Amino acid sequence: MKILPWAGNSIFPVLCNTLLAWRKSAPDTRDLPWRDEPTPYHVWISEIMLQQTRAAVVRAYYLRFLDALPTIADLAACDDDALMKLWQGLGYYSRARNLKRAAEAIVREHSGQLPSDFDALLALPGIGRYTASAIASFAYGQPRPAVDGNFLRVAARVTANGIDIAKDASKRALEAALAPSYPTGRDAGYLNEAFMDLGATICLPNGAPLCHTCPAARLCLAHDRGTEQDYPVKAALKARRKESRTVLILSCGDRIAIRKRPAKGLLAGLWEYPNIDGKLTKRAVREQLTAEGFRVRSIMPLPPARHIFSHIEWELTGWAVSVAERNESPLLAAESDANAPSALLWVRREELAAAYSIPAAFGYFTPQ
């Protein structure tokens, strides 16, 4: 498969003009609320939420988030637990933590307003080149290609290029190749939307693209050759590490035990149900809890589950355990371990649903 540089490709100016005309002439049928009012704050929040998450899922979260935190100052001042509760279900919680860190920096260094300078945007926590380009183009009308997976897929197919799109160098090279063809003002945002919409609805990532409806079909070398599904090329991901964990739904009367995860590492600082490394039997669970001072009344099995992170796969065993009295033992966490989970917190069932964010990795075992 021949690999070509992006730069100097004569297709790009024609492609940009074609997609811009398509976006401006066709009705926007995707019903994405962040497009209705593309202020810098709204664009920023939507783009962070859209990382690793489908637009259909993001919509409700976006509206709820802005209703609770309508300004950057509100975000900067938000309590951490309240922020995590707003984010619950979106996953990749480091995105929410970086949002708050960036909001604090914006209030402190930019008078509460997202900067329009590209390098100043890049200096903020959690904002990379794609997000900075999206804010610069959608909110400030700057000619910045917001190169994401949709861009790369469209460009690779149109040019029949076998370049590895997973490499940062490929993304930076495509930015540079497209930039001379980019307009300013609202059209900069429209062109980015055109690439995104084409990739999301027509030039699909899995399965056959819908070439018969594509405005760029006549330009597309892969389509002309019938090789659309040979592109894009992406290096194979490393195999996920597999881990086994036993999750305990500990109840005492109307209260459920939760604890806060360590401040660093996977799901850092979030609330979780107590859990233990390995796949524990009913007998082992009883022995462990008894050794830590619990008086166990009953243990019932819960359906097993599996949760996949980007680099780890958890095989989860669950047990519903009723105990006679509350105990604050953090379970298997040595007091001298600075990175240990917190002591158990016993909360009422209604409090758990209303105030505490439990990651989806533990949501398979929601208390009844």
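None of these values were measured; they are calculated from a predicted model.
- Judged purely by distance below 3.5 Å, without hydrogens or angles, the side chains of D81 and W271 pair a donor atom with an acceptor atom.
- Remark: the Q288 side chain and the E292 side chain contain an N/O donor-acceptor pair separated by less than 3.5 Å.
- With respect to E193 and R186, a salt bridge is recorded, a charged nitrogen being found less than 4.0 Å from a carboxylate O.
- Summarising the geometry of A268 relative to R97, their closest heavy-atom pair is O-NH1, 2.6 Å, with the distance given to 0.1 Å.
- F195 and F151 have parallel rings, their planes meeting at less than 30° on a 0 to 90° scale where 60° marks the start of perpendicular.
- Using a 3.5 Å distance cut-off with no hydrogens or angles, the side chains of N192 and Y182 do pair a donor with an acceptor.
- No more than 12 heavy atoms of other residues, nucleotides or ligands shown are found within 6.0 angstrom of CZ on R306.
- Side-chain N/O atoms of Q142 and S116 include no donor and acceptor closer than 3.5 Å.
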R349 and E351: CA distance, side-chain angles, deciding distance, salt bridge (Lys or Arg N to Asp or Glu O under 4.0 Å) verdict: CA-CA 5 Å; R349 295 169 190 265; E351 290 180 297; over 6 Å; no
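- Ring centers of W34 and Y41: at least 6.0 Å apart, outside the cut-off.
- Between the side chains of R95 and N98, no donor-acceptor pair of N or O atoms lies under 3.5 Å.
- With sequence neighbours left out, R108 forms a salt bridge (charged side-chain N to carboxylate O under 4.0 Å, His left out) with no residue at all.
- Nearest heavy-atom pair, L221 versus A160, reported as atom, atom and distance to 0.1 Å: CB-CB, 3.8 Å.
- Aromatic pair H307/F309: centroids less than 6.0 angstrom apart.
- Within the 4.5 Å cutoff, the side chain of R245 has no heavy atoms near those of the E315 side chain.
- Here the side chains of W87 and L99 are in contact, with some heavy-atom distance below 4.5 Å.
- A 4.5 Å side-chain heavy-atom check between L248 and L289 finds at least one atom pair inside the cut-off.
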